[in-house]
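A quick write-up on the structure given underneath.
Side chains are part of it too, since the values below use all heavy atoms of this structure and drop only hydrogens, waters and symmetry mates. As the structure is a computational prediction, the values presented were derived from the model and not from experiment. Numbered from 1 within each chain, the chains take letters A, B, ... in sequence-line order.
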Amino acid sequence: MPRLRVLLFATAREAVGQSELEVPYRRGQTLAEVLAEVVAAHPRLRPHLRHRLALDGEFLEQPASAVILSSQKEVAILPPFSGG
Amino acid sequence: MPRLRVLLFATAREAVGQSELEVPYRRGQTLAEVLAEVVAAHPRLRPHLRHRLALDGEFLEQPASAVILSSQKEVAILPPFSGG
Amino acid sequence: MIPSALIRLTKSPIRPETYRKTLEDPGSGGVALFEGRVRDDPGHHATRLYYEAYSPLALRELERLSRQAATRFGARRIVIVHRLGHLRTGEIAVFIGVATAHRTKAFAACRFLIDELKRRVPIWKTREESRTKR
Amino acid sequence: MIPSALIRLTKSPIRPETYRKTLEDPGSGGVALFEGRVRDDPGHHATRLYYEAYSPLALRELERLSRQAATRFGARRIVIVHRLGHLRTGEIAVFIGVATAHRTKAFAACRFLIDELKRRVPIWKTREESRTKR
């Protein structure tokens, strides 16, 4: 069973108290379904699901419900940026 | 007899080939009159009389013909600035 | 013209003079630079911030910004360095330098880079007290 | 707030890192800097310029500009250094640094200072070949 690393930054990281999670998935599941499982295990992450996402190192431009997982390795939850 | 130093910069300096001249004046003469004498001695300076002037270290805001000389020491001919 | 861009995320203190050579260019008459520093908020104690980045994507996005600065503003030399980790008041969080032929475009490009960095690049600061280990 | 302004005309090469300390300020989150350099004009040989100033008036005018930058843009630290004498391609003719609370005003103040310096301050450059001894 493939596993998805979930990277958490800033407020999302603070909400969970960890900067990284891992979740197994079945090929054919949507990204939204897998993230829902993550939130079930870490309820304080829920408000952070409205943030932008990056999948395997690129900004995700479509909704998570439109992404069918096959061999993806890494999703990042990106709160509003505050660099500089 | 008091003397006025005439400081020349940039194109005005290049026109005369010197960065400084000196001219005697009589109290009561106008600055314009004294500068006319300078130009008589250095005709290539003539086109530079249209530039701004500074008198004793401050920009001159009135015309040279309105300045009555008494104890002034230094006039500067200021071509358009090109610093930076 | 392909601009020379140096882009870096670093946990070490930023020393701008390190990047002087990179910004040298006989065709550039104007160099605009920006340093973003941690400042004391009025009414707070000395500020301590934690900076983190999603590094691979941040670097790629900064490279995109550099190419845009070259195209739009004729930037000939570009340096963008962002600090990560724990910072205190007075430390440099970000350093940007741009060399162009003329000053107006140097300012415009530098301004573009810091504005877009803040908007588009996955880097975050949080107050130190709320930090968790990464 | 009275700003700390360092204003200098110098015949020695300008080394911007010399002025780093002067621009340090715990209340400043943005520092904008500008370097005006001698550049090669396309189609010319290496450029050689001669810079001269009517120094007493130039210094006074730069002080006026600094006070205006403090009033209009909240500049908290200001450095303005202009080189005089003979310069070649790549050398820094003018260095300006401004520290303010926020970046937008740092850029605005820095831009104001270089623009007004060029417009209002009695400093001149001439091509070296036409130079006479001063």
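- In this structure, chain C has a heavy atom under 4.5 Å from the backbone of A/Pro80, while its side chain stays farther away.
- Taking a 6.0 Å sphere around CZ of C/Arg15, one finds it holds 12 or fewer heavy atoms contributed by other residues, nucleotides or ligands.
- Within the model, atoms CD of A/Glu58 and CD of C/Glu61 stand 8.5 Å from one another, a figure rounded to the nearest 0.5 Å.
- Contacts with chain C (heavy atom to heavy atom, under 4.5 Å) involve these residues of residues 59-69 of chain A, listed by number: A/Phe59.
- Proximity to chain A involves both the backbone and the side chain of C/Pro122, based on heavy atoms less than 4.5 angstrom apart.
- Crowding of C/Arg8 atom CZ: a count of heavy atoms from other residues, nucleotides or ligands under 6.0 Å not exceeding 12.
- Between A/Leu55 atom CG and C/Leu57 atom CG the span is 11.5 Å, to the nearest 0.5 Å.
- Across A/Leu8 and C/Glu52, no two heavy atoms sit closer than the pair O-OE1, 4.4 Å.
- With hydrogens and angles ignored, the 3.5 Å screen pairs no side-chain donor or acceptor of C/Trp124 with any backbone N or O of A/Phe9.
- Residues from residues 37-48 of chain A never place a non-hydrogen atom less than 4.5 Å from a non-hydrogen atom of chain C.
- In this structure, the side chain of C/Lys125 does not engage the main chain of A/Phe81 through any donor-acceptor pair within 3.5 Å.
- Proximity to chain A (any heavy atom under 4.5 Å) is restricted, for C/Tyr51, to the side chain, taken from C-beta onward.
- In this structure, chain A has no heavy atom under 4.5 Å from any part of C/Arg37.
- The closest donor-acceptor contact from the side chain of C/His82 to the backbone of A/Gly84 lies under 3.5 Å.
- There is no contact between C/Arg83 and chain A, counting heavy-atom distances below 4.5 Å.
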